[in-house]
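Atom set for the values below is all heavy atoms of this structure, side chains included, hydrogens, waters and symmetry mates excluded. Labels below follow one simple rule: chain letters A, B, ... track the order of the sequence lines, proteins then strands, and each chain is numbered from 1.
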Amino acid sequence: MPVYGFTLNGNPVTVDAPEDLPLLWALRDKLGVTGPKYGCGINVCKACTSFLDGEDIRPCSVKVSAAEGREVTTIEGLADGDKLHPVQEAWLEYDVAQCGYCQPGQIMAAVALLKRTSSPTDEDIRAIENVCRCGTYFRIREAIMSAAEKMS
Amino acid sequence: MLEVALGRRRFMTYLLGVPALAVATRITFDAVAPDAAAAALPSAPSVEEMFDIGEALVVASAPTMPLVKLEIGEDGVARMGVPRIEMGQGITTALGMLIAEELDLRMDQVEVTCADARPELVLNQMTAGSSTIRAFYDPVRVLAATARARMLAAAAVEWGLPVGSLTTSGGSVTSDDGRTATFGELSRPAADPALQVGAVVPKAASDHKIVGTPVRRVDALDIVTGRKRFTMDLQVPGALPTMIRRAPTWNGTFRSLANRGAIEAMPGVLAVATIPSGVAVVAETFEQARAAVCAVDATFSAGPVPNESNDSIMQKLKKAALPFAAPALGAVTVEASYEWPSASHAFLETECAIADVRPGGAEIWSGFQAPIVAQQKIAVELGLPQKAVKAHVVPCGGGFGRRVFFDTAMEAALISKAVGKPIKLMWHRTDDMRHGRCRPANVQNFRATLVAGQVATLEQRVCGVSTDYRHGLGEILTATATALPEGAKQAVANDAFGQAVFLTFVASPYNFGVYDKRQTELSLGIPTSSYRSVPNQTARGSEEMFVDEIAERLGVDPVEFRRSTLKSERTRAVLDAVVDAGDWGRRMPTGFAQGIGVHVESRSHTAALIELDCRDPKNPLVTKAVMAVDVGKVINPLGLEAQMQGGLAEAISLTLKAGLHVVDGLPLEGSYSQYHFARQKDFPSDLEIIIMPSHDGPLGGAGEVGSSAPTGAIANAYARATGVRPRTFPINHPIDFDPFPPGQLPPPAFPEG
Ligand code: FES
Ligand code: FES
């Protein structure tokens with residue numbers, strides 16, 4: 001099997017995997033990084049949302065080979081050591097989570113949105129497709145707005 | 001009685017035993033206001049009003065409540081393994097608050113975890129019926145108050161001071177003269193059985209500093225950093241990814257496998273096993289298991305319903321519905337029926353379990369709502385004594401009623417046994433939606449007779465595909481049968497658990513003269529399970545629509561009509577709260593409308609006012625929601641508010657767009673792109689949740705009570721905006737996708753796009 005090397009949350013890693021193994025399973029099954037969650041496997045629930053070179057991706061639908069030589073960031077790598085990202089802080093402040101299963105993906109999607117625009121509109125937030133089965137959408141919205149304000 | 005033991009970790013361990021004070025077995029009859037306005041004919045109290053399902057669970061839990069322990073270790077942390085599961089509903093936070101309150105601890109000095117299956121608890125380990133806080137409110141407070149009293153007594157002995165001169169805060173005892181000792185330091189002397197402790201009384205509500213205030217979730221930091229571990233995140237050594245090829249029809253069972261050798265030779269595949277539900281493939285990664293599952297060439301029995309579809313099921317239900325007793329009398333009769341298809345629980349964490357089965361014992365990890373029954377049945381299946389099976393309860397990514405069953409844990413155990421290795425079994429989303437037990441389809445028929453501007457009779461005839469209760473609830477109802485009111489007792493005696501659950505779960509909040517609600521169930525062999533609020537969301541949601549139809553016939557405003565017919569002042573108060581805050585009756589542009597609904601369940605009262613944008617009736621949008629809730633005693637307003645938001649998400653989804661299309665014995669929907677559970681764009685950005693102040697009324701439930709009022713309100717708004725009364729749900733339910741072939745699991749969507 002080919003070996004792929006990339007940076008994962010700041011650390012170099014290598015993984016021995018078929019070329020077309022979805023990055024999600026390289027992370028979860030081979031590297032033991034379980035922050036990105038499985039919810040559909042076909043890029044519709046967005047629970048696995050993570051970053052590749054700072055761009056948001058759904059690792060369930062990206063081949064591990066595409067990560068070769070690049071930087072992968074999962075929810076575990078979002079904080080700067082013990083210092084949480086402002087979006088994580090906002091998630092705590094608004095007590096967004098219920099079961100929490102979708103939240104790593106929600107947070108990464110929110111961070112991606114705030115990278116694209118520092119003042120998200122209502123439409124920008126409505127366009128977030130991440131499913132939250134527990135129905136935390138209102139608090140997600142509040143937390144994003146608050147984080148946007150604090151970050152600008 | 002107080003027993004004290006030194007635990008393995010040399011922690012002081014209390015075994016609670018103050019039954020009279022601690023264990024609430026009293027019946028909390030929620031007296032209805034007798035003053036009901038002159039415009040209504042009073043209805044006799046229903047079964048539910050006398051004894052509800054939550055009380056059945058509380059009563060069943062009581063005898064073994066003394067076995068629930070609180071530990072305070074030398075680190076000063078108070079720990080409790082609660083025999084319930086955290087599914088997102090916030091019980092670990094709420095119970096932690098009760099403990100922190102009585103012990104004057106900070107929240108970070110308390111740890112509430114989900115206990116493993118404890119068969120000695122008998123009927124006291126099922127998470128259902130919004131009953132956790134109702135069952136634990138008194139016992140946990142007494143337990144924690146007792147622990148505090150022992151800390152004080154131990155310090156008093158140590159220092160030779162009267163207890164009255166000592167206070168507690170932040171995990172320490174402090175004396176008038178400035179001496180201080182931590183709970184950790186006192187944990188050993190406090191565990192001395194000879195210690196004299198006076199009568200223990202939990203704090204009065206007026207002294208509460210934590211209970212009743214907004215407290216954030218105790219697992220929030222773990223969640224936002226990705227550290228919270230769900231079942232599939234546990235690193236059980238050697239546990240291998242596993243998926244199953246299932247039948248192309250509901251409950252079809254495995255018959256033969258034609259290409260075992262070819263499957264075993266596929267990349268990453270480590271083992272293949274056949275079990276009754278299909279062909280299991282154990283692989284190095286879940287994707288390799290998925291790919292192999294798709295290559296399986298197997299035959300299955302057709303299962304009990306290979307030819308059923310939504311229409312054929314609904315026809316059968318309509319035929320089987322009981323007739324009305326009152327005659328149809330033309331102008332004075334109002335009739336309506338509402339049809340609800342099967343629905344998927346669709347929790348974000350799909351069905352999953354880890355199993356490590358060895359010759360002498362087994363260990364299982366899963367999100368069990370009912371772990372004792374699971375442990376028993378798995379042990380029988382494995383041929384092991386019950387105590388040789390450890391069932392670990394792992395907090396789960398949503399339960400909504402389906403995780404009372406343990407099909408997945410059973411499958412995992414059988415597979416692990418067959419392959420002789422620990423395995424982690426995960427259902428693909430497509431199987432989870434199609435083969436996961438569904439919320440049963442049902443039809444709700446109503447007939448009312450109006451006499452002199454009043455409702456003289458109201459009959460509700462529900463007919464649904466039977467809900468499976470073979471997870472221990474039947475035993476709970478049987479055990480509490482003596483306490484049940486007549487109708488429900490009869491149903492239990494006849495093994496008609498569906499009827500007993502219906503009667504103890506559903507009540508109408510109105511004075512509508514002669515009230516008669518009945519449910520029949522058709523057992524078709526469809527895999528079903530309870531769904532959050534069980535019969536309520538459809539039964540009461542539909543009734544709220546029917547109430548609007550009656551009001552229209554009488555020419556009365558729907559709010560005025562409810563106000564004059566509601567039984568309880570508490571329901572009237574939540575109604576008034578949303579009417580005021582939501583400005584009921586304000587002018588709305590064409591295509592928009594308001595709708596109203598109220599609901600009573602688990603001793604809690606709720607109301608919802610919805611504004612709906614129906615300019616495109618094919619895509620109605622909830623633009624604003626105001627909800628009010630009265631739960632009697634509010635433990636954590638922040639958690640309660642979250643549960644109401646969750647109830648609203650259920651209502652938006654099930655009423656407007658989420659349902660299953662069954663064709664040839666299998667749902668077509670296989671992912672969130674096909675099953676339209678609400679997303680951010682479907683949820684209102686204008687939302688207000690009003691929490692009524694605590695009072696002396698009975699403690700109500702929270703987890704399930706939030707979906708019925710908005711269900712009615714959304715449909716009522718739709719009717720007012722479009723002039724069309726919805727009769728079939730979800731209101732818009734097209735097949736707007738290409739279904740995955742039955743039995744197949746879709747491949748990754750490369751490249752992402
Ligand atoms: S698991 Fe990746 S989008 Fe659903
Ligand atoms: S918090 Fe449970 S799915 Fe979003």
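When atom types are taken as modelled, the side chain of B:R217 and the backbone of B:T93 share no donor-acceptor pair closer than 3.5 angstrom. Proximity of a side-chain donor or acceptor of A:T34 to a complementary backbone N or O of A:R28 within less than 3.5 Å is not detected. Distance alone, capped at 3.5 Å, is enough to place a donor-acceptor pair between the B:H428 side chain and the B:T430 backbone.
A salt bridge links B:R402 and B:E351; the closest N-O separation between the charged side-chain nitrogens and carboxylate oxygens is under 4.0 Å. Salt-bridge annotation for B:E688 and B:K624: absent, with no side-chain N of the basic residue lying under 4.0 Å from a carboxylate O of the acidic one. Contact check on B:R429 versus B:E349 returns no salt bridge, with no Lys/Arg side-chain nitrogen under 4.0 Å from an Asp/Glu carboxylate oxygen.
Neither the backbone nor the side chain of B:P214 comes within less than 4.5 Å of any heavy atom of chain A. In this structure, the portion of A:L84 lying under 4.5 Å from any heavy atom of chain B is its side chain and not its backbone. At a 4.5 Å heavy-atom cutoff, B:E86 makes no contact with chain A through either its backbone or its side chain. Using a 4.5 Å cut-off between heavy atoms, A:A47 touches chain B through its side chain atoms alone. Looking at B:P267, there are no atoms closer than 4.5 Å to chain A (heavy atoms on both sides), in backbone or side chain. Only the backbone of B:P747 comes within less than 4.5 Å of a heavy atom in chain A; its side chain stays farther off. Heavy atoms of B:M426 lying under 4.5 Å from chain A belong exclusively to its side chain. At a 4.5 Å heavy-atom cutoff, the contact between A:C60 and chain B is made by backbone atoms alone. Looking at A:C132, only its backbone comes within 4.5 Å of chain B, counting heavy atoms on both sides.
Side-chain atoms of B:R679 and A:Y137, non-hydrogen and from C-beta on, do get closer than 4.5 Å to each other. The shortest side-chain heavy-atom distance between A:V131 and A:K46 does not fall under the 4.5 Å cut-off. A 4.5 Å side-chain heavy-atom check between B:L221 and B:K228 finds every atom pair outside the cut-off.
In terms of heavy-atom pairs under 4.5 angstrom with chain A, the leader among B:P684, B:A649, B:A678 is B:A678. Interface check for chain B: of the options A:E76, A:K30, A:K63, the most heavy-atom pairs under 4.5 Å are formed by A:K63. Heavy-atom pairs under 4.5 Å with chain B peak, among A:G35, A:C45, A:A97, at A:A97. Note: B:S685 leads B:S685, B:P746, B:S653, B:G647 in heavy-atom pairs under 4.5 Å with chain A. Here A:I42 is the residue among A:I125, A:I42, A:T74 with the most heavy-atom pairs under 4.5 Å with chain B. In terms of non-hydrogen atom pairs under 4.5 Å with chain B, the most contact-rich of A:W25, A:Y94, A:W91 is A:W25. Interface summary for chain B: among A:E93, A:E142, A:M1, the most heavy-atom pairs under 4.5 angstrom belong to A:E93. Note on A:Q106, A:E129, A:Q103: by heavy-atom pairs under 4.5 Å with chain B, the leading option is A:E129.
Side-chain contact check for B:T711 and B:Q537: at least one donor-acceptor pair (N or O, by modelled atom type) lies under 3.5 Å. One side chain, B:T285 or B:Q288, offers a donor N or O that lies under 3.5 Å from an acceptor on the other. No side-chain donor-acceptor contact under 3.5 Å links B:Q235 and B:R229. B:H676 and B:D682 share no donor-acceptor pair across their side chains, judged by distance under 3.5 Å alone. A donor-acceptor pair shorter than 3.5 Å cannot be found between the side chains of A:T121 and A:E123.
Of residues 635-642 of chain B, those residues with a non-hydrogen atom less than 4.5 Å from any non-hydrogen atom of chain A are, in numerical order, B:L638, B:E641, B:A642. For a heavy-atom cut-off of 4.5 Å, chain B lies close to A:I107 in residues 107-116 of chain A. Within residues 3-20 of chain A, the residues having any heavy atom less than 4.5 Å from a heavy atom of chain B are, in residue-number order, A:P18, A:D20.
Pairs passing the salt bridge (Lys or Arg N to Asp or Glu O under 4.0 Å) check and including a residue from residues 94-113 of chain A, sequence neighbours excluded, read A:D95-A:R139.
Cation-pi geometry between A:R133 and B:F400 is met: under 6.0 angstrom from the ring centre, within 45 degrees of the axis. Stacking of A:K37 on the aromatic ring of B:F230 is not recorded, the 6.0 Å distance cut-off and the 45° axial limit not both being met.
Summarising the geometry, atom OG1 belonging to A:T136 is positioned 12.0 Å from atom CZ belonging to A:R141; distances are rounded to the nearest 0.5 Å.
Aromatic ring centres of B:Y672 and B:F677: separated by at least 6.0 Å.
The minimum heavy-atom distance linking B:P710 with B:L648 is given by the pair CB-CD1, 3.8 Å.
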Starting from the C-alpha separation in whole Å, work towards a yes-or-no answer on salt bridge (Lys or Arg N to Asp or Glu O under 4.0 Å) for B:D432 and B:R434. CA-CA 6 Å; B:D432 193 90; B:R434 290 178 159 177; over 6 Å; no
